[in-house]
Participant: 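My questions will all concern the structure given below.
Quantities reported herein were computed from a predicted structural model and do not represent experimental measurements.
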Amino acid sequence: MTSLSATHPTLLNTLAPGNSLIRSAGFAIAGSLLLALSAKAQVPFWPVPMTLQSLAIMMIGMAYGSRLATATVLLYLAEGLAGLPVFAGAGAGFAYMTGPTAGYLAGFVMAAGLIGWLAERGWDRSPVKALVAMSVGHVLLFIPGVAWLAVLFGAEKAVAVGLTPFIAATLLKTALGAALMQASWMVVARRSQDRIDG
């Protein structure tokens, strides 16, 4: 059983070892751009269109580890606070970030940090543990999101508009994220084996 105190290299550290500030900044910028693109990408889904943003949050958390993933999401939020059009809608700036989506934005940071922490402990390398980690990450994302909506609009409406319509898409993204992580590690293992054989 994987100890929660033992740490393992993340996918990023395995593919691109190093810890320089320039390297970390480059990957944080790349991750923030991925988050912006994933927010704009809408996939037709029932009962509401699905963005790929929470999937991107989970993948960045698992691939980057806790500190870099958290820094990446904070950079993304700073871009939005500065008025850059990085969110799903047209809005940005302080007013947008304190509006109805504020809880979800806070949840992004929490989810990325926790998912990254679990990945550093090997949860990204097991299909079942990756599935559990991404499920917990999505729950952690929804808790402050729905809670803030409840403050603004009441609990019943918060659940009706901020949780229920997204359950099916969240289940799909959780399964897809876990599968993508396993596929990524399989590619890494194959490359390592090819180097040994070659």
Participant: What distance do W117 atom CH2 and T7 atom OG1 have between them, rounded to the nearest 0.5 Å?
Facilitator: 11.0 Å

Participant: Could you tell me which non-hydrogen atom of A155 sits nearest to which non-hydrogen atom of A150, and how far apart they are?
Facilitator: CA-CB, 3.8 Å

Participant: Would you indicate whether the side-chain heavy atoms of M58 and L141 approach each other to under 4.5 Å?
Facilitator: yes

Participant: Rounded to the nearest 0.5 Å, how far does CZ of R125 lie from NE2 of H8?
Facilitator: 6.5 Å

Participant: Could you state whether V73 and L84 fall into the same hydrophobic cluster, counting links through intermediate Ile, Leu, Val, Met, Phe, Trp or Tyr residues with side-chain heavy atoms under 4.5 angstrom apart?
Facilitator: yes

Participant: Using a 3.5 Å distance criterion without hydrogens, assess whether the side chain of K129 forms a donor-acceptor pair with backbone atoms of L118.
Facilitator: no

Participant: Please tabulate, for side-chain N and O atoms in residues 15-35, each donor-acceptor pair with protein atoms closer than 3.5 Å (sequence neighbours left out).
Facilitator:
| unit_1 | atom_1 | unit_2 | atom_2 | d |
| --- | --- | --- | --- | --- |
| S20 | OG | R23 | N | 3.1 |
| R23 | NE | A16 | O | 3.0 |
| R23 | NE | G18 | O | 3.3 |
| R23 | NH1 | G18 | O | 3.0 |
| R23 | NH2 | N13 | OD1 | 2.9 |
| R23 | NH2 | A16 | O | 2.8 |
| S24 | OG | S20 | O | 3.2 |
| S32 | OG | I29 | O | 2.8 |
| S32 | OG | E79 | OE2 | 2.9 |

Participant: Do the side chain of K40 and the main chain of V86 share a donor and acceptor less than 3.5 angstrom apart?
Facilitator: no

Participant: Less than 4.5 Å apart, side chain to side chain, heavy atoms only: is that true for M59 and M134?
Facilitator: yes

Participant: Are L37 and L77 connected into the same hydrophobic cluster when the rule is that any two of I, L, V, M, F, W, Y join if their side-chain heavy atoms are below 4.5 Å apart?
Facilitator: no

Participant: Taking W123's backbone N and O only, do any of them form a donor-acceptor pair with S126's side chain (distance below 3.5 Å, no angle check)?
Facilitator: no

Participant: Could you check T10, I115, T72 and say which one makes a side chain to side chain contact (heavy atoms under 4.5 Å, CB included) with Y64?
Facilitator: T72

Participant: Would you say the side-chain atoms of Y96 pair up with the backbone N or O of A102, donor to acceptor, closer than 3.5 Å?
Facilitator: no

Participant: How close do A39 and Y76 get, counting heavy atoms only, and between which atoms?
Facilitator: CB-OH, 4.0 Å

Participant: Spell out, as yes or no, whether a donor-acceptor pair under 3.5 Å connects the side chain of E120 to the backbone of P9.
Facilitator: no

Participant: State, yes or no, whether a side-chain contact exists between M62 and L11 at a heavy-atom distance under 4.5 Å.
Facilitator: no

Participant: Could you tell me which non-hydrogen atom of G113 sits nearest to which non-hydrogen atom of S66, and how far apart they are?
Facilitator: O-CB, 3.3 Å

Participant: Quick one: CE on M110 to CD1 on I143, what's the gap to the nearest 0.5 Å?
Facilitator: 7.0 Å

Participant: Where do G80 and A92 come nearest, in terms of heavy atoms and distance?
Facilitator: O-CB, 3.6 Å

Participant: The test is side chain to side chain contact (heavy atoms under 4.5 Å, CB included); show your working for F87 and M97 and say whether it passes.
Facilitator: CA-CA 10 Å; F87 299 128; M97 292 185 67; 3.9 Å; yes

Participant: How long is the straight-line distance from OG1 of T98 back to CG of L81, given to the nearest 0.5 Å?
Facilitator: 9.5 Å

Participant: Which heavy-atom pair separates H138 from S54 by the least distance, and what is that distance?
Facilitator: NE2-OG, 3.0 Å

Participant: Measure from the side-chain N and O atoms of W148 to the backbone N and O of G99, and report whether any donor-acceptor pair falls under 3.5 Å.
Facilitator: yes

Participant: Report the distance from atom CH2 of W185 to atom CG of L180, rounding to the nearest 0.5 Å.
Facilitator: 14.5 Å

Participant: Taking C-beta and beyond as the side chain, do S38 and L55 meet within less than 4.5 Å on heavy atoms?
Facilitator: no

Participant: Just by distance, do the side chain of T164 and the backbone of V159 share a donor-acceptor pair under 3.5 Å?
Facilitator: yes

Participant: Indicate the atoms forming the closest heavy-atom contact of A112 with A69, along with that distance.
Facilitator: O-CB, 3.9 Å

Participant: Rounded to the nearest 0.5 Å, what separates atom CG in L171 from atom CG in L131?
Facilitator: 9.5 Å

Participant: For K173 and F166, run side chain to side chain contact (heavy atoms under 4.5 Å, CB included): C-alpha distance rounded to whole Å, both residues' side-chain angles, the deciding distance at 0.1 Å, then the answer.
Facilitator: CA-CA 10 Å; K173 286 186 279 188; F166 304 104; over 6 Å; no

Participant: Does the side chain of F142 reach to within under 4.5 Å of the side chain of T170, using non-hydrogen atoms?
Facilitator: yes

